[in-house]
Amino acid sequence: MENKQDYVIEMLHITKEFPGIIANDDITLQLRRGEIHALLGENGAGKSTLMSVLFGLYKPEKGEIRKNGEKVTINDPNDATRLGIGMVHQHFKLVEVFTVLENIILGAETTKLGFLQKKEARKKVEELSKKYGLSVDLDAKVEDITVGMQQRVEILKMLYRDNEILIFDEPTAVLTPQEIDELMAVMKNLVAEGKSILFISHKLNEIMQVSDRVTVLRKGKYIDTINTADTTKEELSSMMVGRPVQLVVDKYEAKPGEVVLKVESVCIRSHIHNRDAVHNVSFEVRAGEIVCLAGIDGNGQTEFIYGLSGLDKVSSGKITLCGRDITHAAIADRGHDMSHIPEDRHKHGLVLDFSLEDNMVIQRFNEPMFQHHGFIDKKQVRNYAERLIEQFDVRSGQGPVTITRSMSGGNQQKAIIAREIDRDKALIVAVQPTRGLDVGAIEYIHSQLVAERDRGKAVLLVSLELDEVMGLSDRILVMHNGEIAGEFDPKKTTVEELGLYMAGAKHKKEAE
């Protein structure tokens, strides 16, 4: 029998309920001192809820938390911090106009006679950044640094508060392959220095690479805790989803037809710098193929999609869709032939305070089928939403009337994909369609995109996930610094080669 003192944190029989849903149903999780313990589960399995209970953001209805074998009460994040528990959230909690140093010490300032002691704070942060290999520019404003750097700031924030139990919530969702490797090394360093880590993820490769043990949750229930060394990705994915999962995209050879989208020498100005965010980009997407724009975040993909969808102006060049010049067309006009799964589901995909059914018909409520004498036909909307919810397995507490904000990220994403695929347009623009989703949802969305391709749709995919780029695309275009750096056949290239072009170490100009 293990000694009680081996566990630095124990969450015993935790139950947490929300209206219409039991997010955590009698879950027990035990973290050993000095281990990286992964918490694995689909979206909506209850991982973030469980960690929010530990961090004091939620109060559980049942169960208790122990630290070093002693029962503790955590009413709010300040209690958690006092107990040495820190958390890096999936969406970073940083003040953009403050510097890196100001963000790290915010809320834990050292003062003398009411004055901020920045010099001492700076010294402490510099020592921490050296010790854990987390180099950051302390005087840069957060709004000017990369996402990977922002994450280091979040980690330094925890270390500055002398936290010993570190919770990482989906920490790699926004990182490049190289940054992910660096983060894994940082996590191993932290544990070597005596910290204990809870690592929430649904990325099986990372869990296999870095964790000591894994606890699997499914639909709010505890499934099992196992040693990572004794399991496989296949076994973990079927524990997580409750059935065997296809980890590789299953598809036939593409049969490209007519050109649906033609992009010629397109330039789009940057809003931040005095230069082109997209420079001289040309390519085609044909019916019946999936073309992927791959690259590290911030290399012009977002601006290009804004230009294509009409959210941004094209400064020169030409875009032709289904034979029509749409370079300067209105957004609604482009929608006749294009559906768009946007990158930011909260900003451009959904109206979070609307119901699920209203979000399903948001671009279509003025179509004849959804109205009656100028009024929205609620019954039609309800029937339509129920069909899509069923067909795409969108899970929510109260079905079509659920307020979208209360749904898990994965189910919000499924709702957008259901709506956009069902619009049945010639071109599907899918930007990061599986960002933050688990293997079950990814498998489903990939199969939907392949099915649309096979129905003769042209699919333009924008993705940062190299597994997805390699598995889903028929052709890959790597974007670097606003230009197309190279074109690849996924069957004839490697992730390493793509990585070099993505980082700018190689460019098609040199190859020619």
Side-chain angles (χ1 to χ4, degrees), residues 260-263 266 268 277-278 281 283-287 289-295 297 300-314 319-322 324-352 354 356 358-367 388 392 394 404 409-410 412-437 441 445-446 448-453 455-465 468-469 472-473 477 479:
V260 170
L261 175 70
K262 188 174 170 102
V263 178
V266 163
I268 297 168
V278 175
V281 164
F283 64 89
E284 293 178 343
V285 187
R286 295 172 178 272
E289 70 169 346
I290 297 176
V291 173
C292 178
L293 281 181
D297 212 0
Q301 306 94 311
T302 301
E303 289 86 349
F304 174 76
I305 295 299
Y306 281 11
L308 174 63
S309 59
L311 289 169
D312 226 334
K313 285 190 172 62
V314 171
I319 302 176
T320 313
L321 178 59
C322 297
R324 274 188 325 131
D325 181 346
I326 59 155
T327 318
H328 304 293
I331 293 181
D333 192 27
R334 300 168 194 236
H336 295 314
D337 297 306
M338 175 183 357
S339 42
H340 179 198
I341 299 160
E343 172 175 25
D344 187 330
R345 50 181 171 246
H346 291 165
K347 210 185 208 163
H348 298 130
L350 299 164
V351 181
L352 291 174
F354 278 15
L356 179 54
D358 286 345
N359 270 296
M360 290 292 200
V361 297
I362 204 153
Q363 306 115 306
R364 307 180 60 179
F365 60 85
N366 56 359
E367 290 180 11
L388 288 192
F392 287 78
V394 182
T404 319
Q412 291 175 348
Q413 188 71 0
K414 279 186 181 172
I416 294 171
I417 283 168
R419 174 185 79 200
E420 295 302 323
I421 283 182
D422 201 72
R423 289 178 59 216
D424 201 22
K425 303 300 177 190
L427 173 69
I428 297 173
V429 179
V431 189
Q432 305 266 38
T434 58
R435 179 185 237 163
L437 303 192
I445 286 164
H446 284 174
Q448 290 293 322
L449 289 172
V450 170
E452 289 302 300
R453 176 201 82 163
R455 287 180 54 214
K457 298 290 193 288
V459 181
L460 177 61
L461 169 72
V462 178
S463 177
L464 309 178
E465 298 275 350
E468 175 166 85
V469 171
L472 204 51
S473 327
L477 303 168
M479 269 190 99

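Keep in mind the model is a prediction, meaning the values are calculated, not measured. In this chain, residues are counted from 1 in sequence order.
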* **CA sep, side-chain torsions, deciding dist, call: Ile305, Glu343, side-chain contact (heavy atoms from CB on, under 4.5 Å)** => CA-CA 9 Å; Ile305 295 299; Glu343 172 175 25; over 6 Å; no
* For Ile326 and Met338, what are the C-alpha separation, side-chain angles and deciding distance, and is it a side-chain contact (heavy atoms from CB on, under 4.5 Å)? -> CA-CA 11 Å; Ile326 59 155; Met338 175 183 357; 4.3 Å; yes
* So Lys262 and Leu321, side-chain contact (heavy atoms from CB on, under 4.5 Å) or not? Walk me through it. -> CA-CA 7 Å; Lys262 188 174 170 102; Leu321 178 59; over 6 Å; no
* **Intermediate values then yes/no, side-chain contact (heavy atoms from CB on, under 4.5 Å), Arg453 and Ile428** => CA-CA 9 Å; Arg453 176 201 82 163; Ile428 297 173; over 6 Å; no
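For the residue pair Glu465 and Thr434, no side-chain donor N or O sits within less than 3.5 Å of a side-chain acceptor on the partner. With hydrogens and angles left out, the side-chain atoms of Thr320 and Asp325 include no donor and acceptor closer than 3.5 Å.
Looking at heavy atoms from C-beta onward, Val291 lies out of side-chain contact with Leu461 at the 4.5 angstrom threshold. The shortest side-chain heavy-atom distance between Val462 and Cys292 does not fall under the 4.5 Å cut-off. Contact check for Leu350 versus Gln412: side-chain heavy atoms found under the 4.5 Å cut-off. By the 4.5 Å heavy-atom criterion applied to side chains, Ile341 and Val431 are not counted as neighbours. Two residues are said to be in side-chain contact when any heavy atoms from C-beta on lie closer than 4.5 Å; Leu261 and Arg286 fail this criterion. You'll find the side chain of Leu356 stays beyond 4.5 Å of the side chain of Asp358, heavy atoms only. Looking at heavy atoms from C-beta onward, Leu427 lies out of side-chain contact with Val459 at the 4.5 angstrom threshold. The closest side-chain heavy-atom distance from Glu452 to Ile421 is below 4.5 Å.
Minimum heavy-atom separation, Ile268 to Val314: CG1-CA, 4.1 Å. Closest of all the heavy-atom pairs between Ile319 and Gly307 is CD1-O, 4.2 Å. Residues Val285 and Leu460 come closest through the heavy atom pair CG2-CD1, 4.2 Å. Closest approach of Arg334 and Thr327 over heavy atoms only: NH2-O, 3.2 Å. Here the closest heavy-atom approach between residue Phe304 and residue Leu293 is recorded as CD2-CD1, 3.8 Å. Of all heavy-atom pairs spanning Gln448 and Phe392, the tightest one is OE1-CE2, 3.7 Å.
Counting heavy-atom neighbours within 6.0 Å of Phe283 CZ, excluding the residue itself, gives a total above 12.
Note that CD of Glu303 and CE of Met479 are 8.0 Å apart. Values are rounded to the nearest 0.5 Å. Atom CD1 in Ile290 sits 11.5 Å away from atom OG in Ser463 (nearest 0.5 Å). Thr404 OG1 to His346 NE2: the interatomic distance, rounded to the nearest 0.5 Å, is 9.5 Å. Atom CD of Gln301 and atom CG of Leu477 lie 11.5 Å apart (nearest 0.5 Å).
His336 pairs by the ring pair (Phe, Tyr, Trp, His ring centres under 6.0 Å) definition with nothing, not counting sequence neighbours. Remark: Gln413 pairs with Arg345 by the side chain to side chain donor-acceptor pair (under 3.5 Å) rule, at least two apart or across chains. By the side chain to side chain donor-acceptor pair (under 3.5 Å) test, Ser309 pairs with no residue at all, sequence neighbours left out. For Arg423, the side chain to side chain contact (heavy atoms under 4.5 Å, CB included) test picks out Ser339, Gln363, Arg364, Glu420, Lys425, with sequence neighbours left out. Scored by the salt bridge (Lys or Arg N to Asp or Glu O under 4.0 Å) test, Glu468 finds no partners at all (sequence neighbours excluded). Remark: Asp337 engages Arg324 in a salt bridge (Lys or Arg N to Asp or Glu O under 4.0 Å) (not counting sequence neighbours).
Between Asp424 and Arg455, at least one side-chain N (NZ, or NE/NH1/NH2) sits under 4.0 Å from a carboxylate O, which counts as a salt bridge.
The distance between the ring centers of His348 and Tyr306 falls below 6.0 angstrom.
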